[in-house]
Amino acid sequence: MLLRLPTSVSEAQECMAEGAVPIGGATLIWATWQRDGFPEQAMSLRDLPEANTIGRETLGGAVILNRIDDRVPEALRRAAATVGTGAVRRTATVGGNIVGSTLRCLLPAALVLEARAVVLDPDSAYETDLTEVLAKGHLLLGLRWRDPISSAYRKLPGEAGGPPPLVVAAALHTADTGGTRLRVAVRDGYDVITESTEYDAGSDSAQVLDDLRRTAVGALHATAWEAVHELVTDLLSRPSGR
């Protein structure tokens with residue numbers, strides 16, 4: 001297998017056009033290749049600058065999870081820190097987790113940040129929503145979002161060999177109306193549900209939670225709602241900040 005390491009977007013597009021299979025840390029596909037055979041060409045974006053950005057409003061698809069630090073909002077940072085083992089986090093990438101994984105531990109955090117995806121195909125690089133990325137399996141160059149007021153993330157303990165552990169993420173944003181928008185995402189099993197509610201500065205946490213309770217998130221089972229309630233209550237009690 002020939003591993004190609006493009007250093008520009010145009011070179012990456014050339015690799016794709018010539019049939020190179022995109023990989024990240026290969027943590028999710030190596031065993032399959034060993035069983036079914038290796039492709040003639042593979043492509044990693046680890047040397048592509050556009051896929052390795054880390055900042056308050058951007059995160060590259062080739063960024064290795066253990067490089068994610070306090071330059072990004074708390075929800076994304078905590079999500080990355082809970083993925084697999086230390087050995088996995090030293091190899092796995094953002095793009096691999098969101099697009100290639102069935103668990104997608106980073107996805108709830110990306111959704112509450114209202115992130116948009118920058119994707120690459122052989123003809124163009126363009127921005128789209130995460131729903132399209134998941135449906136079509138696009139090659140992820142990176143994520144972009146507007147810096148939230150604050151955010152939070154929690155993964156509940158799971159049993160070895162059991163179902164995926166419950167994940168809850170939440171973020172506060174300045175709404176276009178001048179108030180505040182709360183966005184919440186829950187991974188329950190392999191499904192991710194996201195909802196939002198807007199409120200004014202005078203609203204208390206009980207009112208905000210009552211509004212959220214009327215959404216699909218509020219209709220989840222008791223364990224999920226308890227986790228949402230705890231995380232949102234904590235988030236709303238914080239001073240404004242990241």
Side-chain angles (χ1 to χ4, degrees), residues 24 27-28 58-59 61 63 65 68 72-84 88-89 92-119 127-146 148 150-159 162-173 181-198 208-209 211-235:
T27 56
L28 298 171
T58 183
L59 183 63
V63 172
L65 299 186
I68 298 175
V72 306
E74 179 182 329
L76 267 178
R77 183 174 73 251
R78 291 190 180 278
T82 67
V83 175
V88 169
R89 292 190 294 273
T93 62
V94 171
N97 183 269
I98 291 178
V99 182
S101 171
T102 56
L103 294 178
R104 298 177 173 132
C105 296
L106 300 187
L107 180 60
L111 288 172
V112 299
L113 294 178
E114 301 178 344
R116 298 275 292 172
V118 181
V119 301
E127 188 174 295
T128 187
D129 60 58
L130 287 168
T131 302
E132 178 181 325
V133 173
L134 299 181
K136 297 184 178 180
H138 287 306
L139 176 58
L140 185 68
L141 275 181
L143 301 172
R144 294 176 181 168
W145 61 87
R146 293 178 62 183
S150 58
S151 65
Y153 180 97
R154 183 185 177 197
K155 179 188 284 187
L156 272 62
E159 298 180 4
L166 186 80
V167 166
V168 180
L172 299 176
H173 301 267
R181 180 172 61 259
L182 167 68
R183 183 168 288 277
V184 175
V186 179
R187 188 191 72 191
D188 185 24
Y190 293 97
D191 298 322
V192 179
I193 299 171
T194 182
E195 292 284 355
S196 65
T197 184
E198 293 191 12
V208 177
L209 283 162
D211 290 341
L212 189 64
R213 188 64 154 147
R214 297 187 179 97
T215 70
V217 166
L220 291 169
H221 54 84
T223 300
W225 175 250
E226 182 180 356
V228 169
H229 189 286
E230 291 179 359
L231 190 75
V232 169
T233 299
D234 173 68
L235 188 62

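This chain uses plain numbering: 1 for the first residue, then up along the sequence. Source: prediction; values computed, not measured.
- Other residues, nucleotides and ligands contribute over 12 non-hydrogen atoms within 6.0 Å of the CZ atom of R116.
- Within the 4.5 Å cutoff, no side-chain heavy atoms of T197 are placed close to those of R214.
- With salt bridges taken as basic N to acidic carboxylate O contacts below 4.0 Å, one links R144 and E127.
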Before giving the answer on side chain to side chain contact (heavy atoms under 4.5 Å, CB included), spell out for V186 and V167 the whole-Å C-alpha distance, their side-chain angles and the decisive distance to 0.1 Å.
CA-CA 6 Å; V186 179; V167 166; over 6 Å; no

Carefully, step by step, assess L65 and T93 under the rule side chain to side chain contact (heavy atoms under 4.5 Å, CB included).
CA-CA 6 Å; L65 299 186; T93 62; 5.9 Å; no

Could you walk me through whether L220 and W225 pass the side chain to side chain contact (heavy atoms under 4.5 Å, CB included) check?
CA-CA 6 Å; L220 291 169; W225 175 250; 5.6 Å; no

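- Enclosure of atom CZ in R78 is not indicated, since only 12 or fewer non-hydrogen atoms of other residues, nucleotides or ligands lie within 6.0 angstrom.
- Once rounded to the nearest 0.5 Å, the distance linking CG of L111 with CZ of R104 reads 10.5 Å.
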Given T194 and V184, is the side chain to side chain contact (heavy atoms under 4.5 Å, CB included) satisfied, shown in steps?
CA-CA 6 Å; T194 182; V184 175; over 6 Å; no

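- Atom NE2 of residue H138 and atom OG1 of residue T128 lie 6.0 Å apart, to the nearest 0.5 angstrom.
- Within 6.0 Å of CZ in R146 there are 12 or fewer heavy atoms belonging to other residues, nucleotides or ligands.
- For E74 against A152, the heavy-atom pair with the smallest separation is OE2-CA, 4.1 Å.
- Side chain of S101 to backbone of I98: no donor-acceptor contact under 3.5 angstrom is found.
- Under the 4.5 Å side-chain criterion, counting only non-hydrogen atoms from C-beta, C105 is in contact with K155.
- Under the 4.0 Å criterion applied to side-chain N and carboxylate O atoms, R183 and E195 are not assigned as salt-bridge partners.
- Here the side chains of Y153 and T82 are in contact, with some heavy-atom distance below 4.5 Å.
- Under the 4.5 Å side-chain criterion, counting only non-hydrogen atoms from C-beta, S196 is not in contact with E114.
- The CZ atom of R187 lies 10.5 Å from the CG atom of L156; values are rounded to the nearest 0.5 Å.
- Using a 4.5 Å cut-off on side-chain heavy atoms (C-beta onward), Y190 and P163 make no contact.
- Contact annotation: the side chain of L182 approaches that of L235 to within less than 4.5 Å [non-hydrogen atoms, C-beta and beyond].
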